[in-house]
Chemist: 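Attaching a single structure in structure tokens format; questions to follow.
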Amino acid sequence: MTGLGLDIRTAFRAMARWPLFTLACVITLAVGFSSITAVFTVVDSVVLRSLPYPESDRLVRVDSGHENDAIRNASGANYLDWKAQSSSFEALAGLCSRDFNFAGTEFPIRIEGTSVTPEFFAVMGVEPILGRALSPEIDGPGAEQVVVVSDGFWRTHLGADAGVVGSVVRLNNLPYTVVGLMPSGFSYPGDTALWKSSAFRVPDPPVSVGDDPAENRGADYFQVVGRLREGVSLADSQAEMTAIADRLAEEHPDTNEGVGVVVQSLRDSVIGNARPRLLLLLAAAGLVRVISCVNVAGMLLARATDRLGEVGLRLAIGAERRRIVRLFLTESLVLALTGGVVGVALAAWGTRALLALAPGSVPRTGEVAVDLGVLLFAILIMVAASLIFGLVPAAQALRHNRRPIISEGRGGRAITRSGRLRNGLVVAEVAASLLLVIGTGLVIRTFLNLNAVDPGFDPNGLLVAHVRLPNSAYQDNDAIRSFHDQVLEKLRSLPGVESATTVLTFPMHWNIRGFLSFTIEGRPEDEEDFPAAGYQVVGPDYFRTMGIPLLRGRLFDSGDTSGAVPVALVNRTAAEINWPDEDPIGKRVSWGTDDEDNPIWITIVGVVEDAYVEGLDLPPRPETYRPFAQDPLPFMTLVLRTGDDPASYATALRQTVVDVDPTQPVSDLKTMDEILSAELAQRRFNMLLMGLFAGVAVLLVAVGLYGMLSFSVSRRRHEIGIRRALGALPRDIVVQFT
């Protein structure tokens with residue numbers, strides 16, 4: 001048998017000789033290994049791995065950059081100028097997310113789509129598996145309205161029909177011809193079901209922005225993605241786009257002054273703010289791994305002290321020092337690999353658990369998988385750990401010459417020296433665990449503080465659902481008002497429904513509310529400091545349904561119709577900012593002008609309490625409210641307050657809408673409890689994982705401390721016996737060791 005084979009055999013015999021010691025080491029290593037591997041698998045897939053598109057490192061997103069550091073989407077005219085004047089891109093494409101009504105199931109459904117310019121698929125570098133992609137030569141303005149469908153939509157709603165190309169689907173009650181089928185896994189942006197050609201040179205706007213959105217510079221409503229030319233860096237592209245933005249600011253100062261361009265990699269855009277959160281979890285898992293390694297190193301160091309006599313004997317009979325080192329390294333490598341094998345199984349389970357707990361805000365979770373890179377990372381960790389485990393005890397054992405090791409029997413001086421190192425290891429793991437516990441405490445405190453925030457309304461018993469009425473069927477305000485009046489009347493008649501209303505943007509749900517500038521009658525206009533506030537449209541009984549109290553003035557009533565004097569409400573924050581020393585009741589504001597360029601004055605009739613709209617971690621902002629009867633919009637959110645479980649009314653709400661319009665679906669149907677849970681999901685996820693890692697760390701430290709103290713006591717039995725013989729009481733000995 002070769003020397004290495006003999007060392008491996010000796011290592012397995014040693015593991016069998018000390019089964020409890022071996023079990024403790026394997027479990028400790030497996031826990032540390034699985035935690036870091038599971039988290040690194042997610043970090044690698046979400047943050048480090050390239051996007052699943054050809055040459056994805058050349059894909060970028062191009063946005064408008066403003067003086068207040070806000071990054072916004074692009075406007076039509078600016079996008080066309082970027083496209084015409086830039087030379088660093090192979091192609092630029094615009095895209096705007098659009099939802100569509102699709103009547104292909106028991107109830108009509110709302111599907112996620114995207115309106116794109118024909119260059120989109122060339123930018124992404126992905127071709128359909130059936131049919132063709134959109135083409136600038138074929139699918140320009142005025143051409144037939146066509147769509148390219150995703151694999152998921154094709155399988156779920158089109159029956160996986162191989163003859164899908166050339167078929168017609170009805171979206172928003174209009175016919176669209178299917179010209180292509182994309183491969184499985186392609187769904188940018190988000191979970192897009194289909195990509196629609198635009199009727200303009202730019203993506204279709206979600207609402208009207210003028211006769212031709214391609215000529216509009218003020219409406220920043222769509223994304224721009226591009227593919228850099230070969231050899232062009234991100235910095236080169238940014239420099240060119242900055243020069244273009246400066247030129248446009250000089251040519252169009254009314255709309256483009258202070259507006260720059262921000263070019264960033266598409267991967268960074270997709271990852272967003274998930275990167276720091278995941279890296280924080282990776283750091284926490286790394287601390288657990290460090291603590292487990294330190295624990296095992298301490299245990300091996302303690303066992304090495306017991307083997308000083310064995311090492312001295314081996315040296316005395318002629319064994320080379322490198323042979324001793326190899327034996328220690330082999331034993332530690334076998335131990336580390338055993339812990340690694342168990343850790344791989346735990347890591348696979350832990351990765352699935354992470355994905356199950358991860359909130360929907362974490363991107364690319366569908367791409368998470370253990371690949372060769374992750375396995376190589378895991379192997380490197382195991383090899384590095386085994387080197388540490390083997391070299392430290394071997395160095396301690398070989399530091400002394402063979403005579404002292406044999407003559408001192410149990411190695412007095414060696415024990416003293418190794419004891420200092422073991423104590424240092426204990427201090428290190430206690431410090432690491434303390435750091436993790438403190439960080440976890442801060443995360444838990446933040447979560448509890450947010451959970452205790454009063455949202456400014458009563459969240460109990462609320463059910464909401466979004467409705468978007470297609471322009472093809474609801475072409476005027478009267479039709480929109482009639483639909484909502486009928487739906488709300490039927491909903492209020494349902495047994496158990498206490499009230500029903502509608503609102504443009506429900507708090508913390510489908511948050512697309514505008515933050516619009518306005519003028520106040522009688523005050524000089526300052527173009528650099530216009531007052532601004534959120535713009536909400538609410539139906540009758542909205543404030544009673546939500547439980548938002550009136551502070552002064554009145555709420556909207558049945559007299560606030562389309563032909564009545566335009567009115568509005570403001571919240572407490574808007575009143576305090578814009579009318580700090582006066583009563584806003586009776587004041588008039590304007591958001592725009594009529595056909596003759598005269599201001600449309602709207603009278604403020606009431607002030608209501610603040611409510612958290614954008615999130616529990618964001619303070620209430622200035623808010624204005626307009627009555628739905630005076631400003632009906634095709635996209636609104638239905639709100640029900642029920643006396644019992646609101647989720648049980650979901651089917652009734654869907655059926656009520658279908659009874660009014662058989663082609664009209666509802667989407668994003670959720671209870672307020674679900675919305676609040678989603679609002680806290682990311683912090684709950686961080687809290688659970690940080691708490692788990694902190695708990696494991698404390699447990700490992702406790703096990704390590706117990707092992708170290710137990711070893712110390714066992715080495716001092718002779719001393720303890722003498723102390724007892726000389727009359728020392730048990731409590732005196734316990735005090736000494738504590």
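Keep in mind the model is a prediction, meaning the values are calculated, not measured.
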Chemist: Kindly compute the distance separating CZ (F186) from OG (S150), expressed to the nearest 0.5 Å.
Modeler: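 If we round to the nearest 0.5 Å, F186:CZ and S150:OG are 10.0 Å apart.
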
Chemist: Report yes or no: does W154 contribute a side-chain atom to a donor-acceptor pair with the main-chain N or O of L181 at less than 3.5 Å?
Modeler: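 Absent.
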
Chemist: Is the shortest side-chain N to carboxylate O distance from D63 to R61 below 4.0 Å?
Modeler: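 Yes, charged N to carboxylate O under 4.0 Å.
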
Chemist: Mind listing the closest non-hydrogen atom pair of S88 and V232 along with its distance?
Modeler: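 The answer is CB-CG1, 3.6 Å.
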
Chemist: Could you state the interatomic distance from CD1 (I109) to OG (S667), rounded to the nearest 0.5 Å?
Modeler: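 Rounded to the nearest 0.5 Å, the CD1-OG separation comes out at 10.5 Å.
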
Chemist: For the backbone of A479 and the side chain of D476, can you confirm whether one donor and one acceptor N or O come within less than 3.5 Å of each other?
Modeler: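 Flag set: sc D476 to bb A479 pair under 3.5 Å.
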
Chemist: Does D661 form a side-chain hydrogen bond (donor to acceptor under 3.5 Å, both in side chains) with Y474? I'd like the steps, not just the answer.
Modeler: CA-CA 11 Å; D661 183 348; Y474 296 87; 2.6 Å; yes

Chemist: Testing the basics here: between T501 and L488, what is the closest heavy-atom pair and its distance to 0.1 Å?
Modeler: O-CD2, 3.5 Å

Chemist: When you look at L92 and Y79, which way does the side-chain contact (heavy atoms from CB on, under 4.5 Å) test go after all the steps?
Modeler: CA-CA 9 Å; L92 277 178; Y79 159 70; 4.2 Å; yes

Chemist: One pair to check against ring-ring contact (aromatic ring centres under 6.0 Å, His included): Y535 and Y625. What are the steps and the verdict?
Modeler: CA-CA 6 Å; Y535 188 86; Y625 299 89; 9.8 Å; no

Chemist: State whether the side chain of T502 and the backbone N or O of T637 hold a donor-acceptor pair below 3.5 Å, judged by distance alone.
Modeler: yes

Chemist: Please step through side-chain contact (heavy atoms from CB on, under 4.5 Å) for the pair M508 and V613, ending with a clear verdict.
Modeler: CA-CA 5 Å; M508 293 167 276; V613 174; over 6 Å; no

Chemist: If you compare all heavy atoms of R217 against all heavy atoms of N256, which two are closest, and at what distance to 0.1 Å?
Modeler: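 Closest approach of R217 to N256, heavy atoms only: CD-OD1, 3.7 Å.
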
Chemist: Do M124 and R227 come within less than 4.5 Å of each other through their side chains, counting heavy atoms only?
Modeler: no

Chemist: Do D617 and E679 have side-chain heavy atoms sitting under 4.5 Å apart?
Modeler: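 Touching, per the 4.5 Å side-chain cut-off.
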
Chemist: Just by distance, do the side chain of N172 and the backbone of N101 share a donor-acceptor pair under 3.5 Å?
Modeler: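 Flag set: sc N172 to bb N101 pair under 3.5 Å.
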
Chemist: Considering only heavy atoms from C-beta outward, does the side chain of I520 approach that of N578 to under 4.5 Å?
Modeler: yes

Chemist: Would you say that T603 contacts P566 through its side chain, given a criterion of any heavy-atom pair below 4.5 Å between the two side chains?
Modeler: no

Chemist: Quick one: pull up CZ in F100 and CG in N173 and give me the separation to the nearest 0.5 Å.
Modeler: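 Reported value, rounded in 0.5 Å steps: 13.0 Å.
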
Chemist: Is E250 salt-bridged to R247, cutoff N-O under 4.0 Å?
Modeler: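 Judged by the 4.0 Å cut-off on N to carboxylate O distance, E250 and R247 do not form a salt bridge.
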
Chemist: Tell me if the centroids of the rings in F556 and F628 come within less than 6.0 Å of each other.
Modeler: no

Chemist: Under a 4.0 Å N-O cut-off, is there an ion pair linking R132 with E127?
Modeler: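 Looking at R132 and E127, the cut-off is not met.
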
Chemist: Once ring pair (Phe, Tyr, Trp, His ring centres under 6.0 Å) is applied, do any residues pair with F153, and if so which ones, sequence neighbours excluded?
Modeler: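 Here the qualifying residues are F102, H157.
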
Chemist: Does the pair R229/D236 count as a salt bridge with the N-to-O cut at 4.0 Å?
Modeler: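 Answer for the salt bridge query: no.
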
Chemist: Taking side chain as C-beta onward, heavy atoms only, is H466 less than 4.5 Å from R110?
Modeler: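 The answer is no; the side chains never approach within 4.5 Å.
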
Chemist: Say whether Q536 and R626, considering side chains only, have a donor N or O and an acceptor N or O under 3.5 Å apart.
Modeler: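 There is no such pair between these side chains.
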
Chemist: When the ring planes of Y188 and Y53 are compared, do they come out parallel, tilted or perpendicular, using 30° and 60° as the limits?
Modeler: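 The rings of Y188 and Y53 stand perpendicular, inter-plane angle above 60°.
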
Chemist: For V261, is there any backbone N or O sitting under 3.5 Å from a side-chain donor or acceptor partner on Q238?
Modeler: yes

Chemist: Salt bridge check: are E112 and R98 linked by an N-O gap of less than 4.0 Å?
Modeler: no

Chemist: Taking P203's backbone N and O only, do any of them form a donor-acceptor pair with Y221's side chain (distance below 3.5 Å, no angle check)?
Modeler: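 Checked: pair present.
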
Chemist: Taking the side chain as everything from C-beta on, heavy atoms only, tell me whether V148 gets closer than 4.5 Å to V178.
Modeler: no

Chemist: Could you check whether any side-chain N or O of D204 sits under 3.5 Å from a backbone N or O of A199, counting only pairs where one atom can act as donor and the other as acceptor?
Modeler: yes

Chemist: Identify the two heavy atoms, one from P470 and one from Q664, that lie closest to each other, and give their separation to 0.1 Å.
Modeler: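 So the minimum-distance heavy-atom pair works out to CD-OE1, 3.5 Å.
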
Chemist: Just by modelled atom types, is the V567 backbone N or O under 3.5 Å from a matching donor or acceptor in the Q630 side chain?
Modeler: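 Yes, Q630 side chain to V567 backbone: donor-acceptor pair under 3.5 Å.
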
Chemist: For the backbone of V116 and the side chain of T114, can you confirm whether one donor and one acceptor N or O come within less than 3.5 Å of each other?
Modeler: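 Answer holds: no.
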
Chemist: Under a 4.0 Å N-O cut-off, is there an ion pair linking R468 with D99?
Modeler: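 Answer for the salt bridge query: no.
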
Chemist: Measuring from L174:CG to K196:NZ, what's the distance to the nearest 0.5 Å?
Modeler: 9.0 Å

Chemist: Backbone N or O of A533 within a donor-acceptor pair of the E623 side chain at under 3.5 Å?
Modeler: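 Not at all, since once roles are kept as given, no pair shorter than 3.5 Å links the two residues.
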
Chemist: Provide the closest heavy-atom pair for P632 versus I480 in the form atom of the first, atom of the second, distance.
Modeler: CB-CG2, 4.0 Å

Chemist: Compare every heavy atom of P108 with every heavy atom of P665, then report the nearest pair and how far apart it is.
Modeler: CB-O, 3.0 Å

Chemist: Got S562 and R481 here, is their nearest side-chain heavy-atom distance under 4.5 Å?
Modeler: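 They are in side-chain contact.
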
Chemist: Using the rule given for side-chain hydrogen bond (donor to acceptor under 3.5 Å, both in side chains), can you reason through S75 versus N78, listing the C-alpha separation, both sets of side-chain angles and the distance that settles it, and then say yes or no?
Modeler: CA-CA 5 Å; S75 63; N78 284 344; 3.1 Å; yes

Chemist: What distance separates I602 CD1 from D631 CG, expressed to the nearest 0.5 Å?
Modeler: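 Nearest 0.5 Å value for the CD1-CG distance: 8.0 Å.
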
Chemist: Evaluate R588 against I604 for side-chain contact (heavy atoms from CB on, under 4.5 Å), listing each step before the verdict.
Modeler: CA-CA 6 Å; R588 297 204 301 176; I604 297 174; over 6 Å; no

Chemist: Looking at side-chain heavy atoms only, is the closest gap between W195 and V147 below 4.5 Å?
Modeler: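 A side-chain contact is absent here, since even the closest heavy-atom pair is not under 4.5 Å.
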
Chemist: Stepwise, does the side-chain hydrogen bond (donor to acceptor under 3.5 Å, both in side chains) test hold for S187 with T192?
Modeler: CA-CA 5 Å; S187 62; T192 298; over 6 Å; no

Chemist: Could you go through the side-chain hydrogen bond (donor to acceptor under 3.5 Å, both in side chains) check for S86 and E240 one step at a time?
Modeler: CA-CA 7 Å; S86 63; E240 181 189 46; 4.8 Å; no

Chemist: Hey, mind stepping through T624 and L569 against side-chain contact (heavy atoms from CB on, under 4.5 Å) and telling me if it holds?
Modeler: CA-CA 6 Å; T624 58; L569 298 172; over 6 Å; no

Chemist: Looking at CG of N73 and CG of L95, how far apart are the two atoms once the value is rounded to the nearest 0.5 Å?
Modeler: 9.0 Å

